[in-house]
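Structure first, then comments.
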Amino acid sequence: MAKLSRRLIVLVLIALAPGICGAESMSESWYMLRGRANMNIGNYKAAIEAFEEATKKNPQNREAMRSLGDAYERQGLTDKAIGQYDRYLSRFEDDPAIAFKQAETLGWSRYAYRRKDAVKYYRMGLRQRDDRKMRHRMAKLLAQDRSTLDEAVQEYRILRKAEPENSELRSEFRKLLAWDRKYISEAIEEHRKRQEQNPQNSAAAVEYAELLAQSPQHRKEAIEFYRNQLERSPEDSKLREAYADLLAADRSTRADALDEYRTLLSKESGNQRVRLKYARLVGAEKSGSPEAIDQYHAVLSADPSNADAHAGLAKMYAWEGKENEASREVRAALAKKPDDRELAELRHDLFRGQEPHAKTDLSILVQPGAEFGLKGVRWGVGGHAEIGSSFGTSATFGFEDFWNAGENIASGYLSVGAEYRFLPTRSLAAELAFHSLRRSGRNLLPRIEYRQRSNAFSLRSGFARELRYDSFLALAGSEAAGTFLGSARNNLFFTEGVYAPEPWELRARPFIGWVSATSTSNNFWVGADGQVSYQWVRSVRWKFATAYALNLSHYEEDHSGFSSSPTEPLPGGYFSPPVFVSQSPQLVFSFRSGERHRLDLTAGPSFQFADDATSSSTFRMGGEALGTYLWTFHRSWRTEVNAGFTRIGSVYNRFTMGGVLTYLF
């Protein structure tokens, strides 16, 4: 009855309010009275309408702004309530109750994107009222993100000072300190106190020892602590495994680690996790590879699909030079771990272009200019196959078209090749290519080379006959006054060695031979290319290096002419100064994303010196840039796009672009 009477009074007041309030200036008061009255009877929808009108009349009405947020909240309009409280707190920062309310709401998982605002409102409330409960909630919120770890640590320190005996705070603080190595000393001290207070707590002892193990300066203390704990609990396998892991991290204590792993395996022969750790450690030395192989096989007998065991076997077999077995195991491992960078690199080292595949490629060459100009396009298809474990064969055929200054030549080409691997790291390779350009007798191009490689060194040595792309005349030849000129071909004996002790890489390629061309004598050619690079940054994904490249060459005569005139250089159409020196500082950048994406960029200017046929020495500025992007968009499909630029002083600028689509069998 009393409740009904109260509602009647409220309704009467609402009805009489316009008369009580009087003029137009009192409409704000009327809306406030109406809003309060409806809040009292639980009619939040009507209260919202009233408070909204009141805030329109006076945006600075503090009570109306606060009450509107309250009405939204009670009506279940949480998002609107949050927005209203945002507006309210932007004008009135001295209301800790609303600030804390807003902070707690924004701390919900559904508002994770407003986590920073939640922290802001906690701080706003704490400036007005030091509330330990609210500070603790803010500290836990800060502790959820590594970017605010330092702020969280500071807040926990304030809380710990106020409540030094609070066990919940101590536990949370210890876990927080262990999150970043810069707090490792403080974390160790906190765990030390805990351990001293309760030395029988084995779980706490393990946490303390694990922290000690993370700090290099506390490593000896960690070993001693583990040893003491094991004397107390010799049957604690978890403790012994952690102790063995710590010993395994340092070469000087690996023998002790092996003993601990053996002890564990003698008691738990089916513990495949420990067996894998033992296999990795015993296989860290080449002398232990046979035992490591036995251990990996033991793991696979229990779990045939264990990717880590397949990966370990692949490394051991590769170490022993058993490339066929290593190839089999690395395929099995990559089937389970396709984005493992270490496995991908091992596969690359094992196959080195030997993967059976089919491909199609398209390339474009643009070299502007009247004499040294050349433009062309080439398309082809090909593939590679393995026959047994020691023999590989490849073939490519396609069509090409080149032109410049009204001249054009279209042709087909075919190449076949084979490689015989008489040792796992040594092989002989041969290739024979044919291009149906003019004077086809000059377009049979043999290549034969010996290959050898090891972990940090590779060598290629042999003979090759190659097309010359300096100009249309040099490549295809041309009729001039009834005489056929050009059609230049490189004929070179070469040796290329690469030595790569990280982070350095040294590359050298000396060569000697001659350039042959129609209507001119063979032109003796000798020279060397070299490069040294240093990797400044190398991680799982990124590599950044600087390099210095040097090119030296000497031609017996200058055959860069385009006619048989006695006043011009000999006709050949290829750049051939008696002395040429090019120096190029370069930047090298690489990005890897597993086996799916790879980007390589190399670029730098070159400082060139040439002594031409007129005996005048000239300095030129040139440069080179090359970019390659490889995308493996399926386990069996990958595509590669490349683009390059080369400038030889004022002689020519060459632009190239190409793409390859490959299917791996």
Next item on the list: May I ask you to test the Arg91-Pro59 pair for a side-chain heavy-atom distance under 4.5 Å?
Entry: yes
Item checked: Nearest atoms (heavy-atom pairs only) where His310 meets Pro304 -> NE2-O, 2.9 Å
Next item on the list: Could you tell me how the ring of Trp536 sits relative to the ring of Tyr534: parallel (under 30°), tilted (30 to 60°) or perpendicular (over 60°)?
Entry: perpendicular
Note to self: Just verifying a value: how many Å separate Lys45 NZ and Asn38 CG, rounded to the nearest 0.5 Å?
What the structure shows: 12.0 Å
Notebook entry, point to check: Any idea which heavy atoms bring Leu601 and Gly627 closest together, and the distance?
Noted result: CD2-CA, 3.7 Å
Notebook entry, point to check: CG of Asp308 to NZ of Lys336: how many Å apart, nearest 0.5 Å?
Noted result: 12.0 Å
Next item on the list: For the residue pair Thr148 and Arg115, confirm or rule out a side-chain donor-acceptor distance under 3.5 Å.
Entry: yes
Checklist line | Check: Arg275 side chain, Ser269 main-chain N or O, donor-acceptor pair, under 3.5 Å | finding: yes
Margin query: Can you tell me how the ring of Trp542 sits relative to the ring of Phe591, calling it parallel under 30°, perpendicular over 60° and tilted otherwise?
Written below: tilted
Next item on the list: List the atom of Val588, the atom of Ala547, and the distance in Å for their closest heavy-atom pair.
Entry: CG2-CB, 4.3 Å
Note to self: Could you measure the distance from the CZ atom of Phe100 to the CE atom of Met124? Nearest 0.5 Å is fine.
What the structure shows: 11.0 Å
Note to self: As a quick check of understanding, evaluate side-chain hydrogen bond (donor to acceptor under 3.5 Å, both in side chains) for His597 and Tyr629, giving each step before the final call.
What the structure shows: CA-CA 7 Å; His597 302 279; Tyr629 173 66; 2.7 Å; yes
Margin query: If you apply the rule side chain to side chain contact (heavy atoms under 4.5 Å, CB included), what do you find for Gln154 with Asp150, and how did you get there?
Written below: CA-CA 6 Å; Gln154 184 61 31; Asp150 294 340; over 6 Å; no
Next item on the list: May I have the step-by-step check of side chain to side chain contact (heavy atoms under 4.5 Å, CB included) for Glu268 and Ser237, ending in yes or no?
Entry: CA-CA 9 Å; Glu268 302 178 18; Ser237 60; 3.2 Å; yes
Check: So, Ser305 and Asp303: side-chain donor and acceptor under 3.5 Å apart, yes or no?
Finding: yes
Next item on the list: Output yes when Asp70 and Arg74 qualify as a salt bridge under the 4.0 Å nitrogen-oxygen rule, no when they do not.
Entry: yes
Margin query: Under a 4.0 Å threshold between the charged nitrogen and the carboxylate oxygen, would Glu155 count as salt-bridged to Arg123?
Written below: yes
Margin query: Testing the 3.5 Å rule here: is there a donor-acceptor pair between the side chains of Arg135 and Tyr122?
Written below: no
Checklist line | Minimum-distance pair of heavy atoms, taken over all atoms of Ala292 and Gly283 | finding: CB-CA, 3.7 Å
Next item on the list: Identify whether the distance between the nearest side-chain nitrogen and carboxylate oxygen of Arg34 and Glu53 falls below 4.0 Å.
Entry: no
Check: Is the His136 ring parallel, tilted or perpendicular to the Tyr156 ring (thresholds 30°, 60°)?
Finding: perpendicular
Item checked: Side chain proximity check, Arg280 to Tyr296, heavy atoms < 4.5 angstrom -> yes
Margin query: If I take atom CD from residue Glu151 and atom CG from residue Leu142, how far apart are they, to the nearest 0.5 angstrom?
Written below: 5.5 Å
Notebook entry, point to check: Distance from Ser590 atom OG to Gln535 atom CD, nearest 0.5 Å?
Noted result: 8.0 Å
Note to self: One thing to verify: whether Glu285 and Arg251 come together as a salt bridge, which I'm taking to mean a side-chain N less than 4.0 angstrom from a carboxylate O.
What the structure shows: yes
Notebook entry, point to check: Salt-bridged, Arg114 to Asp86, with N to O below 4.0 Å?
Noted result: yes
Checklist line | Result of checking Arg129, Arg62, Arg127 against Asp94 for salt bridge (charged side-chain N to carboxylate O under 4.0 Å, His left out) | finding: Arg62
Note to self: Closer than 3.5 angstrom, by distance alone: can the side chain of Gln84 be matched with the main-chain N or O of Met65 as a donor-acceptor pair?
What the structure shows: yes
Check: Is there a donor-acceptor contact under 3.5 Å linking the side chains of Gln102 and Tyr88?
Finding: no
Note to self: side chain to side chain contact (heavy atoms under 4.5 Å, CB included) for Tyr31 and Glu49? Distances and angles first, verdict last.
What the structure shows: CA-CA 9 Å; Tyr31 284 122; Glu49 294 174 355; over 6 Å; no
Next item on the list: Look at Asp600 together with Arg592 and state whether they make a salt bridge at an N to O cut-off of under 4.0 Å.
Entry: yes
Checklist line | Between Asn61 and Glu28: side-chain donor-acceptor atoms closer than 3.5 Å | finding: yes
Next item on the list: Carefully, step by step, assess Leu300 and Leu313 under the rule side chain to side chain contact (heavy atoms under 4.5 Å, CB included).
Entry: CA-CA 10 Å; Leu300 289 172; Leu313 270 177; 3.4 Å; yes
Checklist line | Pairwise distance CG(Leu247) to CZ(Arg227) - rounded to 0.5 angstrom | finding: 7.5 Å
Next item on the list: Measure from the side-chain N and O atoms of Arg240 to the backbone N and O of Glu235, and report whether any donor-acceptor pair falls under 3.5 Å.
Entry: no
Next item on the list: Would you name the heavy atoms of Ala244 and Ala257 that are closest together and state the gap between them?
Entry: O-CB, 3.5 Å
Next item on the list: Can you see which heavy atom on Asp245 is nearest to which on Lys277, and at what distance?
Entry: OD2-NZ, 2.9 Å
Margin query: Using the rule side-chain hydrogen bond (donor to acceptor under 3.5 Å, both in side chains), only one of Asp79, Thr105, Thr78 pairs with Tyr111; which is it?
Written below: Asp79
